[in-house]
Trainee: 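Dropping a structure here in structure tokens format, bear with me for questions.
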Amino acid sequence: MELRGAKAALKKGGLPEVVTPHLQRLIDETGGPDGPLGRQFIARMEDENFEEGSSDPFDENLNEVAPGLVYKYKGEMDSSGVVEYAGRALWTISRYCASYCRFCFRGRIVGLPANKKTGDGTALGEKGFLSSEEIGQVFSYIEAHPDLNEIILSGGDPLVTPHPYFSEILSGLAALQKRGKLDIVRIATRLPIHDPGAISNHHFDAIKKIKNPYLMLHVNHPAELTEQTLAVLERFRRECLAVVMSQTVLLKGVNDSVETLQALFEKLAREGVRPYYLFQNDPVPWARHHTVPFQRARAIWTQLRPRLSGLAATAKFTVESEGGFGKIPVPEGDFWSVDYSKYQDFKGGSFQP
């Protein structure tokens with residue numbers, strides 16, 4: 001019998017099995033541990049499924065330029081100091097989520113106990129949250145780099161952080177916007193899925209300070225879009241003037257069917273959420289058994305695209321390889337003759353999907 005639950009979780013570090021009561025109810029209603037939600041959150045034989053490889057395949061640690069701030073996709077300035085094109089940075093502000101996805105590509109740090117140190121030299125490798133001094137260092141870095149105009153808050157889940165901490169970070173980013181030092185703020189979260197009841201007034205008050213905030217919702221299955229979750233998303237749109245966009249990971253046994261993805265994208269579009277990304281599962285050692293083989297994934301996308309209206313089909317299906325640069329869109333279907341056996345990243349590197 002397959003070992004499941006907390007005893008089956010990774011012994012090598014993060015991603016403890018933590019499931020909120022809200023999620024547990026949904027898991028029970030959708031087939032239990034073997035259902036599409038159970039497969040996302042219930043651990044199963046993870047050390048046995050572990051495959052050797054890099055725990056940081058996209059070199060986030062190497063590109064940390066300030067505490068938690070990963071600036072891999074840099075902008076460019078000419079010799080006179082004029083910005084030719086702007087860059088975007090990922091700011092990881094916490095190790096923690098309300099529940100932990102078994103396929104999380106940041107499992108090298110996400111969910112680690114507060115006293116656990118990774119020794120990798122990164123800020124969150126040392127502790128679960130940043131200090132006010134470290135937060136200030138990030139603000140100073142953004143202010144000093146006019147080529148950087150966009151920040152993506154992530155972690156862990158930014159919305160799970162303590163109220164004063166979250167407010168301090170959002171207030172600082174809003175002040176940078178007002179001074180013309182920052183244009184765009186995205187906030188990546190799964191808390192409206194994990195526990196919509198945990199979203200409180202302080203979240204709305206903090207995000208209201210941001211000009212044109214983008215809320216990036218990680219959602220993988222239509223059953224995750226409950227009435228409670230949709231009500232929270234509508235409030236973000238109404239009170240914060242947030243643009244709510246979705247990010248979905250293609251996962252074996254979860255959403256690897258045309259019908260499931262069609263239902264998901266159509267429901268998102270119907271509820272005013274813009275489908276943004278459909279990711280091929282990332283190549284981290286603890287999660288490769290969740291990956292849909294590329295040729296099958298492409299076949300699903302080929303069959304799905306003609307079923308969707310333009311509004312529901314705004315998502316890009318992308319792949320990203322270890323050592324690669326950028327999320328590379330996969331051409332839609334077989335509407336053109338394309339060699340799918342290889343692709344180039346944004347720097348011209350050659351990879352196989």
Side-chain angles (χ1 to χ4, degrees), residues 30-31 34-40 49 51 57-58 101-105 188 190 193 216-225 243-284 287-353:
T30 54
D34 289 323
L37 272 66
R39 287 181 178 273
Q40 295 183 63
N49 286 317
E51 298 181 26
F58 307 134
C101 306
R102 310 319 306 164
F103 50 89
C104 176
F105 79 93
R190 213 170 184 203
I193 301 292
M216 316 305 294
L217 178 73
H218 179 172
V219 55
N220 294 331
H221 193 275
E224 297 171 23
L225 295 171
V243 176
V244 184
M245 307 179 77
S246 71
Q247 302 186 138
T248 298
V249 182
L250 185 63
L251 297 165
K252 188 184 297 183
V254 173
N255 56 13
D256 55 337
S257 77
V258 173
E259 293 76 16
T260 299
L261 290 175
Q262 178 182 346
L264 174 61
F265 290 146
E266 288 180 345
K267 189 170 185 177
L268 288 167
R270 187 166 61 247
E271 296 295 338
V273 178
R274 186 185 306 169
Y276 181 47
Y277 271 133
L278 174 64
F279 298 122
Q280 179 71 330
N281 189 39
D282 288 325
V284 287
R288 290 178 184 168
H289 57 294
H290 293 285
T291 300
V292 180
F294 175 73
Q295 292 301 337
R296 181 161 180 266
R298 189 180 69 79
I300 292 170
W301 189 242
T302 296
Q303 296 170 50
L304 174 66
R305 178 60 186 88
R307 296 187 178 202
L308 299 176
S309 76
L311 292 176
T314 52
K316 297 186 183 78
F317 176 39
T318 67
V319 297
E320 189 171 10
S321 293
E322 182 175 345
F325 191 85
K327 297 173 177 63
I328 308 303
V330 177
E332 290 188 343
D334 293 323
F335 312 118
W336 294 82
S337 295
V338 176
D339 179 3
Y340 288 99
S341 66
K342 59 185 177 181
Y343 71 93
Q344 288 188 341
D345 69 2
F346 293 150
K347 287 190 172 181
S350 184
F351 298 89
Q352 292 181 329

Trainee: Find the distance between NE2 (H290) and CG (L250) and round it off to the nearest 0.5 Å.
Mentor: 12.5 Å
Trainee: Nearest heavy-atom pair of C101 and R190: which atoms, and what distance?
Mentor: SG-NH1, 3.0 Å
Trainee: State, with a plain yes or no, whether a side-chain heavy atom of R307 is found less than 4.5 Å away from one of E259.
Mentor: yes
Trainee: Does the side chain of N281 come within less than 4.5 Å of L251's, by heavy atoms?
Mentor: yes
Trainee: Which residues pass the side-chain hydrogen bond (donor to acceptor under 3.5 Å, both in side chains) test with S337, not counting sequence neighbours?
Mentor: none
Trainee: If I take atom OG from residue S246 and atom CE from residue M216, how far apart are they, to the nearest 0.5 angstrom?
Mentor: 8.0 Å
Trainee: What distance separates L225 CG from E271 CD, expressed to the nearest 0.5 Å?
Mentor: 8.0 Å
Trainee: Please determine whether side chain to side chain contact (heavy atoms under 4.5 Å, CB included) holds for the pair D282 and F58, giving the CA-CA distance in whole Å, both sets of side-chain angles, and the decisive distance to 0.1 Å.
Mentor: CA-CA 9 Å; D282 288 325; F58 307 134; 3.5 Å; yes
Trainee: As an exercise, state the distance from CG of L37 to NE2 of H221, rounded to the nearest 0.5 Å.
Mentor: 6.5 Å
Trainee: If the condition is ring pair (Phe, Tyr, Trp, His ring centres under 6.0 Å), which residues does F317 pass it with, not counting sequence neighbours?
Mentor: W301
Trainee: Hey, what do you get for NE2 (H289) to CZ (F103), rounding to the nearest 0.5 Å?
Mentor: 11.0 Å
Trainee: Using a 3.5 Å distance criterion without hydrogens, assess whether the side chain of T318 forms a donor-acceptor pair with backbone atoms of F279.
Mentor: no
Trainee: Set out, in order, the CA-CA distance, both residues' side-chain angles and the distance that settles side chain to side chain contact (heavy atoms under 4.5 Å, CB included) for L308 and Q262, then state yes or no.
Mentor: CA-CA 7 Å; L308 299 176; Q262 178 182 346; 4.1 Å; yes
Trainee: For L278 and V249, which heavy atoms make the closest approach, and how far apart are they?
Mentor: CD1-C, 4.4 Å
Trainee: If you look at every heavy atom in M245 and V273, which pair is closest and at what distance?
Mentor: C-CG1, 4.0 Å
Trainee: Nearest 0.5 Å, what's the OG1-CD distance between T302 and Q295?
Mentor: 9.5 Å
Trainee: Determine, stepwise, if the pair F265 / L304 fulfils side chain to side chain contact (heavy atoms under 4.5 Å, CB included).
Mentor: CA-CA 10 Å; F265 290 146; L304 174 66; 3.9 Å; yes
Trainee: Any sub-3.5 Å donor-acceptor pair from R102's side-chain atoms to Q40's backbone N or O?
Mentor: no
Trainee: With distance as the sole test, does N220 use its side chain to make a donor-acceptor pair with the main-chain N or O of N255 at under 3.5 Å?
Mentor: no
Trainee: Give a yes or no on whether the backbone of P275 and the side-chain of T314 come within a donor-acceptor separation of less than 3.5 Å.
Mentor: yes
Trainee: Quick check: closest heavy atoms across A297 and V292, and the distance to 0.1 Å?
Mentor: N-CG1, 3.9 Å
Trainee: Would you check, one step at a time, whether the test side chain to side chain contact (heavy atoms under 4.5 Å, CB included) holds for R274 with V243?
Mentor: CA-CA 8 Å; R274 186 185 306 169; V243 176; 4.0 Å; yes
Trainee: What's the shortest heavy-atom distance between A223 and T30, and which atoms?
Mentor: CB-CG2, 3.9 Å
Trainee: Quick check: does any side chain N or O of R39 sit under 3.5 Å from a backbone N or O of V254, one acting as donor and the other as acceptor?
Mentor: no
Trainee: Between the side chains of K267 and E224, is the shortest nitrogen-to-carboxylate-oxygen separation below 4.0 Å, so that they form an ion pair?
Mentor: no
Trainee: Which atoms form the tightest heavy-atom contact between P283 and P57, and what is the distance?
Mentor: O-CG, 4.1 Å
Trainee: Taking the side chain as every heavy atom from C-beta outward, state whether Y343 and P353 have any pair of such atoms under 4.5 Å apart.
Mentor: yes
Trainee: Any pair with a residue in residues 316-329 that passes salt bridge (charged side-chain N to carboxylate O under 4.0 Å, His left out), sequence neighbours left out, goes on the list, sorted by first then second residue, please.
Mentor: E320-K327
Trainee: Just wondering, do S257 and I300 contact through their side chains at under 4.5 Å, heavy atoms?
Mentor: no
